[in-house]
Amino acid sequence: MTLSLNIDTRAWRANVRSLHDEFPGLVPVAKGNGYGFGLDVLAREAARMNDDCIAVGIAREVEVVRAAGWSRDIVVLNPWRPFDPVATALLDDPGVITTVSRLEDLDQVSRSHPRTRVLVEIRTSMNRHGITAEEIASVDVSSVTFEGWSLHFPPTGVLAEAQRLASAAVAHQRGAVWVSHLGVLDYRKLRTHLGVRTRMRMGTQLWLGAEESLTTTATVLDVHRVTRGKRHGYHQARAPRDGWIVVVSGGTSHGIALSAPPSQKSLRSRTVTVAKGMLDAVGMSLSPFTIAGRKRPFAEPPHMHGSMLFVGGAEPGVEVGDEIPVTCRLTTTTVDELRWN
Ligand SMILES: *Cc1c(COP(=O)(O)O)cnc(C)c1O
């Protein structure tokens with residue numbers, strides 16, 4: 001009765017391992033919903049890989065990975081702010097590395113918590129957090145334990161920018177350079193170019209890169225015959241034609257949205273648009289659930305733990321107890337169960 005993430009354990013771990021080989025200094029990122037696995041599971045996998053450091057998104061996630069048994073260094077990726085008491089409490093924690101992204105914050109941390117382990121973030125073309133390239137010259141890390149520079153890049157075409165910013169930073173203050181979203185070759189070039197230790201933060205590619213090793217499935221909980229015009233659901237909508245209401249596990253509490261995330265490829269194909277147009281005409285939207293090889297429309301918006309689908313025709317194509325594939329983004333999905341196959 002669950003939404004399940006099914007893992008081909010060997011293939012999945014092989015990908016995790018080969019990325020560790022390709023990216024020396026890799027730092028696994030375990031944040032948010034743990035990329036669908038949960039932070040605890042990722043912390044244990046990082047420990048299994050004998051990683052020396054893990055990255056979490058926010059200060060509150062530190063205790064979650066520790067509760068899962070993680071005992072080595074933890075980097076908090078979201079930059080420290082003076083109004084975050086949880087992050088501030090961690091400034092005294094010897095196992096935590098704090099990211100600082102504004103000169104005034106570096107100044108405040110230096111004065112209030114000398115010797116705190118600090119990464120200084122530099123703003124990139126992401127334009128999210130970080131000191132500007134012009135401010136590098138003003139960075140004074142003499143009162144903190146300087147762990148290095150942090151740069152967060154958009155996913156492609158950033159080697160030149162990485163080399164320019166990181167070189168300027170390292171020239172001002174030697175230290176490790178922590179990056180994200182570089183390809184293998186670019187990462188290697190950057191390491192050689194800089195001549196300092198580099199660290200590669202990686203989440204999506206590490207945990208979700210081996211797509212074939214992961215499938216999400218739902219369970220069919222009920223199948224009811226309906227004739228055209230028969231009412232169903234909270235909204236008492238009418239069946240657009242003769243067919244079946246199929247009730248499956250997986251609803252809003254799992255992050256199952258009203259429509260399936262279309263792939264880039266299907267966005268380009270007209271068939272999706274045509275199918276969507278037809279569904280719109282009967283007030284339905286395509287669900288992420290596949291029955292008998294096809295995505296089926298929601299009979300009405302998803303419920304908390306389950307969804308009602310509509311399958312037209314003489315045969316429902318499924319029976320109670322069947323497992324059916326669900327297309328979902330694991331970063332926005334909370335599954336009930338992990339199945340390590
Ligand atoms: C989330 C995050 C990462 C990891 O990003 P992925 O795309 O999941 O690999 C790396 N660095 C920073 C600063 C992040 O916030």
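Bear in mind the structure is a predicted one, so any value in this text is a computation, not a measurement. Every number for a ligand or one of its atoms is a count from 1 in the order of the listing.
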Ion pair check, [X] and [Y], cut-off under 4.0 Å:
X      : Y      : result
Arg13  : Asp8   : no
Asp107 : Arg102 : no
Asp51  : Arg72  : no

closest protein heavy atom to atom 9 (O) of ligand 1 is Gly203 N, 2.8 Å
Nearest non-hydrogen protein atom to atom 5 (O) of ligand 1, with distance, is His181 NE2, 3.6 Å
Worksheet item: How about Thr216 and Asn6: does a side-chain donor come under 3.5 Å of a side-chain acceptor?
Response: no
Min heavy-atom dist Trp207 to ligand 1 below 4.0 Å: no
Answer yes or no for Glu121: is there a heavy-atom contact with ligand 1 below 4.0 Å?
no
Under 4.0 Å from one or more heavy atoms of Ser180, ligand 1 contributes atoms 10 (C), 11 (N)
Atoms of ligand 1 under 4.0 Å from any heavy atom of Leu77, numbered from 1 in the order shown, are 2 (C), 12 (C), 14 (C), 15 (O)
The option among Arg201, Gln205, Lys31, Met200 carrying the non-hydrogen atom nearest to atom 14 (C) of ligand 1 is Lys31
| said: Test your reading of the model: is there a side-chain donor-acceptor pair from Thr99 to the backbone of Asn78, 3.5 Å cut-off? | reply: no
Counting heavy atoms under 4.0 Å, the part of Met126 that contacts ligand 1 is neither
Nearest heavy-atom contact between Val96 and Arg117 is O-CB, 3.7 Å
